[in-house]
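Data block below; observations after.
Proteins get letters first, then strands, A, B, ... in listed order; numbering begins at 1 in each. Predicted, not measured: the structure shown is a model, and the values here were computed from it.
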Protein chains: 2
Amino acid sequence: MQISSRFTVALHIFTCLEVFKENNKVTSDFLAGSINTNPVIIRKILAQLKNAGLITVARGTGGITVNRPLEEITFYEVYQAIEPIENGDLFHFHEAPNPECPVGRNIHSLLDSKLKAIQNSMEDEMRKYTLADLKIGMQDILAKEI
Amino acid sequence: MQISSRFTVALHIFTCLEVFKENNKVTSDFLAGSINTNPVIIRKILAQLKNAGLITVARGTGGITVNRPLEEITFYEVYQAIEPIENGDLFHFHEAPNPECPVGRNIHSLLDSKLKAIQNSMEDEMRKYTLADLKIGMQDILAKEI
DNA sequence: TTTTGTTGTAACCATTGACATTACATCCAT
DNA sequence: ATGGATGTAATGTCAATGGTTACAACAAAA
């Protein structure tokens with residue numbers, strides 16, 4: 001199972017914001033054009049980022065503001081804002097293993113800490129990258145493109 | 001998006017094998033009972049593990065053999081056997097970003113290495129745990145249970 | 001104050017994947 | 001041969017993803 005494209009779309013949105021906000025009004029239509037999807041899809045993702053407190057969206061006039069310094073906002077925060085994971089567990093268990101079976105009733109004790117360690121190592125790596133990396137990285141790429 | 005329960009079910013299967021194989025013939029019915037699911041679900045997962053070369057399943061008579069030493073088989077190998085991920089990428093992109101847009105045509109250059117690093121850190125952690133840990137871990141738990 | 005452009009959302013729809021279930025052909029040791 | 005397994009096709013249900021249309025709410029500018 002792959003992690004849904006909404007996460008990479010969110011990173012795409014932030015990158016567009018930084019690259020274009022000087023010279024363009026970055027609307028959901030504009031973003032949908034760059035990402036090649038539907039404006040409503042963008043608005044739904046913007047709503048999630050807004051609910052997480054990461055951005056402010058101006059109604060009526062349009063326009064998006066990032067609420068905090070770019071170096072402070074990590075990929076992990078974006079991921080958390082976007083992915084609605086049940087009690088935060090990356091790995092899914094089959095519900096209700098048989099409590100009559102010694103293995104069935106202890107499988108969680110056995111696996112939980114190991115799976116948590118795996119999930120943590122992914123999330124820790126996510127915390128190493130910030131929106132500032134997106135801005136600088138894209139500016140670099142564009143400077144070399146010409 | 002959570003990783004499907006088939007992965008934890010596979011780990012459950014291996015644990016049952018080690019705990020019960022001495023005294024019971026471990027069939028798909030037996031496993032389905034411990035996990036609390038349908039035998040056909042178990043057989044499909046067994047088929048994946050078989051295709052990956054991790055186990056041998058005896059037709060007719062029934063019974064499952066692990067093909068290699070337990071210390072050699074890591075969670076990562078089980079994960080790879082079970083999760084059919086398109087070209088191995090954990091993170092999904094929206095298809096066909098707009099090549100007319102500077103961000104759209106460069107979003108992969110910008111993100112690919114970072115996302116790969118995140119995925120790698122998860123997979124590296126997965127390589128730290130083996131089927132031997134499952135066997136020993138469960139034996140420990142059961143010894144304390146009495 | 002009306003117009004214009006934008007966001008917020010509801011209401012759908014199609015597709016896909018996970019998980020479940022039934023049914024039956026196939027296999028193999030006894 | 002037969003009894004107990006596996007292999008697998010066919011089908012169903014459910015939830016999530018991604019898309020689309022439509023329209024109300026809103027705010028700035030004409």
Nearest heavy atoms of A:Phe75 and A:Phe7, plus distance in Å =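 Residues A:Phe75 and A:Phe7, closest heavy atoms: O-CE1, 3.6 Å.
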task = Output the distance between atom NE2 (B:His12) and atom OG1 (B:Thr37), rounded to the nearest 0.5 Å.
result =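 The NE2 atom of B:His12 sits 11.0 Å away from the OG1 atom of B:Thr37.
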Specify the separation, in whole Å, of atom [atom1] of [X] and atom [atom2] of [N].
{"X": "B:Ile85", "N": "C:dT16", "atom1": "CD1", "atom2": "P", "value": "19 Å"}
{"X": "B:Asn24", "N": "D:dG4", "atom1": "CG", "atom2": "P", "value": "17 Å"}
{"X": "A:His94", "N": "C:dC19", "atom1": "NE2", "atom2": "C1'", "value": "7 Å"}
{"X": "B:Leu31", "N": "D:dT6", "atom1": "CG", "atom2": "C1'", "value": "13 Å"}
{"X": "B:Ile42", "N": "C:dA20", "atom1": "CD1", "atom2": "C1'", "value": "12 Å"}
{"X": "B:Phe7", "N": "C:dA18", "atom1": "CZ", "atom2": "C1'", "value": "17 Å"}
{"X": "B:Phe91", "N": "D:dT17", "atom1": "CZ", "atom2": "P", "value": "15 Å"}
{"X": "B:Gln48", "N": "C:dG17", "atom1": "CD", "atom2": "P", "value": "13 Å"}

Respond yes when some side-chain nitrogen or oxygen of [X] is under 4.0 Å from OP1 or OP2 of [N], and no when none is.
{"X": "A:Thr37", "N": "D:dG19", "result": "yes"}
{"X": "B:Ser28", "N": "D:dT6", "result": "yes"}
{"X": "A:His92", "N": "C:dA18", "result": "no"}
{"X": "B:Lys50", "N": "D:dG7", "result": "yes"}
{"X": "B:Ser5", "N": "C:dA18", "result": "no"}

Side-chain donor-acceptor contact under 3.5 Å, [X] with [Y]:
{"X": "A:Thr130", "Y": "A:Glu72", "value": "no"}
{"X": "A:Arg43", "Y": "A:Ser28", "value": "yes"}
{"X": "B:Asn106", "Y": "A:Glu145", "value": "yes"}
{"X": "B:Thr56", "Y": "B:Asn67", "value": "yes"}

A:Thr27 side chain, from C-beta outward: closest of D:dG18, C:dA18, C:dT7 = C:dT7
inquiry  = Checking contacts here: which listed nucleotide (C:dA23, C:dA10, C:dT6) is nearest the side-chain heavy atoms of A:Val40?
reply    = C:dA10
query = Nearest nucleotide by nearest heavy atom, which residue falls closer to the 5' end of DNA chain C, A:Met1 or A:Lys44?
reply =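 Whichever sits nearer the 5' end wins; that is A:Lys44.
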Counting any heavy atom closer than 4.0 Å, what does [X] reach on the DNA or RNA strands: base, sugar-phosphate only, or nothing?
{"X": "B:Ala47", "answer": "nothing"}
{"X": "A:Val57", "answer": "sugar-phosphate"}
{"X": "B:Gly62", "answer": "sugar-phosphate"}

message = Ignoring hydrogens and geometry beyond distance, is the side chain of A:Arg59 in donor-acceptor contact with the base of D:dA25 at under 3.5 Å?
response =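 Result: at least one qualifying N/O pair found.
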message = Taking donor-acceptor contacts at under 3.5 Å, does the side chain of B:Arg43 reach the base of D:dG7?
response = yes
